[in-house]
Amino acid sequence: MCLGIPMKIVELKEDFTAVAEVRGIRRLISVFLLQDEDLKVGDWVMVHTGSAIGKLDEEEAQENLRLIEEVLSYEE
Amino acid sequence: MPSIDPATGFRDPKRLKGLAKRISEEAKDIEKLKIMHVCGSHEHTTIYWGLRSLLPENIELVAGPGCPVCVCSTHEIEEAIELAKRGVILATFGDMLRDKTKNGSLYDARARGGDIRVVYSGFDAVKLARGNPKREVVFFSVGFETTAAPTASLFGLPLPPNFSILTSHKLTSPAVELLLQTEENILDALIAPGHVSTIVGAQDWARFPEKYNVTTVVAGFEPLDVLIAILEIVRRFKEGRAELVNEYRRLVKYEGNLKAREWIDKVFEVKGVWWRGIGVVPNSGLFLRSEYEDYDARKRFELNIPFDPEADTPPGCVCHLVILGKKYPPECPLFGKSCTPGDPYGPCMVSEEGTCYIWHRYGNPEIIRKFKKREKGSKI
């Protein structure tokens with residue numbers, strides 16, 4: 001199942017858990033799978049069945065959007 | 001140029017139309033291009049945003065075996081029902097509830113008195129076990145790598161003795177590989193699932209361009225992600241090149257999530273397993289290693305239900321063709337009639353990741369009508 005929700009870390013807790021939030025909703029999630037990432041409050045992570053599976057890279061997101069702009073504005 | 005908000009920029013209608021136009025322009029000399037994706041969430045994006053109506057006639061986008069509920073054998077659901085009969089608390093993901101076996105579904109078993117509870121995560125199931133120390137609690141864990149990794153991570157912390165797991169986990173890419181080895185003209189290019197790939201890495205798809213000459217794009221789930229993936233495919237297909245492309249670099253690394261991969265390997269071993277609608281797919285099933293057999297529900301409860309492959313294909317159901325992209329849901333005579341989300345006949349209508357469910361719930365009625373009348377070669 002690929003249903004994933006991007007959520008923002010608002011609090012890091014013990015036992016590899018964190019409180020994450022999106023659109024005003026807060027949930028306790030597991031960040032066990034991201035224990036080797038340098039997770040900070042304010043980071044956006046992708047949550048699937050209660051676990052954060054990856055950290056969203058803001059720079060890459062902007063780069064992706066910039067490339068799309070390039071494709072759209074290129075006149076042959 | 002002002003920075004674009006990543007929360008909304010990937011679904012901006014102007015950019016969607018602009019990209020669709022570029023795809024049509026660049027694909028105009030292609031005779032036919034069949035792209036398969038293998039994720040219910042990609043089908044959701046495709047239907048929800050009407051992407052097929054934005055694509056030119058010569059590009060076909062089909063849904064492959066990307067719904068874990070749809071490919072879960074009824075045998076495993078029968079195991080879950082048997083456990084409920086024995087009085088355990090059976091913790092299950094919600095979208096397994098209505099999947100019917102020849103003896104009914106988990107929903108029916110609950111109506112008959114089974115203590116079946118819907119959970120959102122394995123952690124909820126562990127909490128249930130801690131909260132009910134005198135009862136056995138079994139977590140029915142179903143899914144591909146994206147769910148297998150969190151389940152493996154449960155073993156990173158101490159587990160209560162009354163907790164065990166009934167696993168139904170599969171690896172995604174082996175099924176696609178089997179299709180390429182055994183089916184003619186099954187696909188020209190592949191869109192790889194973004195969240196499975198967050199776990200396994202883009203590297204898990206490298207063999208598709210290398211061995212099978214199929215361009216594979218790891219894509220995110222916003223509509224722009226899917227359209228960009230299609231454009232990347234079109235450009236390479238025209239030049240006769242097959243390459244691996246990571247479109248979802250804001251989340252997916254080439255090597256994936258190494259911690260997740262480490263724990264999947266630590267907790268599970270890989271064996272061939274039966275996929276409903278497909279048959280045995282080599283090296284595709286994840287089973288708890290013997291070091292963890294104390295928490296393996298199959299061992300703890302000595303489950304020994306005989307396997308009946310015919311039970312997986314109820315009469316009249318064409319789900320096994322839908323999951324291979326050989327039929328669209330409206331081409332099934334039962335679609336919308338005796339098979340609906342409220343009362344599903346086959347598994348593709350059960351889960352939110354199922355192609356038929358997605359078409360029924362979000363499909364534009366006009367598109368559904370068009371596909372109902374579709375004959376080979378006529379305009380979609």
Side-chain angles (χ1 to χ4, degrees), chain A residues 1-8 13-39 42-76, chain B residues 1 3-4 6-7 9-10 14-15 18-19 21-22 25 39-42 44 66-69 93 95 120-124 142-144 146-147 149-151 153-154 156-157 193-196 198-199 220-221 224-225 228 231 247-253 256-260 263 351-353:
Chain A
M1 287 180 260
C2 270
L3 337 138
I5 308 169
M7 300 185 82
K8 186 161 81 168
K13 295 170 75 94
E14 64 289 333
D15 290 341
F16 305 109
T17 61
V19 178
E21 178 187 81
V22 69
R23 286 183 223 120
I25 300 168
R26 291 191 168 203
R27 290 196 105 107
L28 186 66
I29 62 166
S30 165
V31 291
F32 186 93
L33 297 173
L34 298 186
Q35 60 185 271
D36 287 349
E37 304 266 347
D38 184 23
L39 265 192
D43 280 345
W44 281 82
V45 294
M46 184 59 71
V47 179
H48 174 86
T49 61
S51 276
I53 57 171
K55 193 167 80 161
L56 280 155
D57 186 327
E58 159 94 42
E59 264 169 45
E60 283 286 3
Q62 292 298 346
E63 175 64 17
N64 198 337
L65 289 164
R66 196 189 62 74
L67 285 171
I68 293 172
E69 284 304 292
E70 227 175 70
V71 167
L72 289 172
S73 57
Y74 182 69
E75 299 290 340
E76 270 186 84
Chain B
M1 193 192 75
S3 101
I4 307 168
F10 288 98
K14 260 199 10 242
R15 290 191 182 91
L19 262 186
K21 191 155 157 270
R22 273 242 75 107
E25 282 161 8
C39 184
S41 298
H42 274 143
H44 182 278
C67 160
V69 173
F93 292 125
D95 58 358
Y120 169 66
S121 72
F123 304 98
D124 290 346
V142 182
F144 292 119
T146 341
T147 316
T151 293
S153 79
L154 291 178
L157 290 166
H195 294 153
V196 163
T198 303
I199 303 289
F221 298 98
L224 270 185
D225 288 316
I228 277 281
L231 184 62
E247 183 281 331
Y248 202 17
R249 283 200 313 279
R250 60 194 190 272
L251 186 63
V252 177
K253 302 190 186 132
N257 180 329
L258 290 175
K259 183 59 62 176
W263 276 83
S351 162
E352 283 178 21
E353 298 273 300

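Chain letters run A, B, ... following the sequence lines, proteins first and then strands; every chain starts at 1.
- Taking the six-membered ring for Trp and the full ring otherwise, the centers of F221(B) and H195(B) sit less than 6.0 Å from each other.
- Using a 4.5 Å cut-off between heavy atoms, I199(B) touches chain A through its side chain atoms alone.
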(request) Would you please test F93(B) and T147(B) for side chain to side chain contact (heavy atoms under 4.5 Å, CB included) and show each step? (result) CA-CA 11 Å; F93(B) 292 125; T147(B) 316; 3.7 Å; yes

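- To the nearest 0.5 Å, atoms CG (L72(A)) and NZ (K14(B)) are separated by 10.0 Å.
- Taking chain A as the reference chain and counting heavy-atom pairs below 4.5 Å, the highest number among E352(B), K21(B), E247(B) is found for E247(B).
- At a 4.5 Å heavy-atom cutoff, the contact between E37(A) and chain B is made by side-chain atoms alone.
- Chosen from D225(B), T151(B), N257(B), the residue pairing most often with chain A at heavy-atom distances under 4.5 Å is N257(B).
- Contact annotation for Y120(B): both backbone and side-chain heavy atoms come within less than 4.5 Å of a heavy atom of chain A.
- At a 4.5 Å heavy-atom cutoff, the contact between L231(B) and chain A is made by side-chain atoms alone.
- Between E63(A) and R250(B), none of the side-chain N atoms (NZ, or NE/NH1/NH2) sits under 4.0 Å from a carboxylate O, so this pair counts as no salt bridge.
- Within the 4.5 angstrom heavy-atom criterion, only side-chain atoms of L157(B), from C-beta onward, approach chain A.
- Not one N or O on the side chain of Q62(A) forms a donor-acceptor pair closer than 3.5 Å with the backbone of E59(A).
- Using a 4.0 Å cut-off between charged side-chain N and carboxylate O, E21(A) and R26(A) make a salt bridge.
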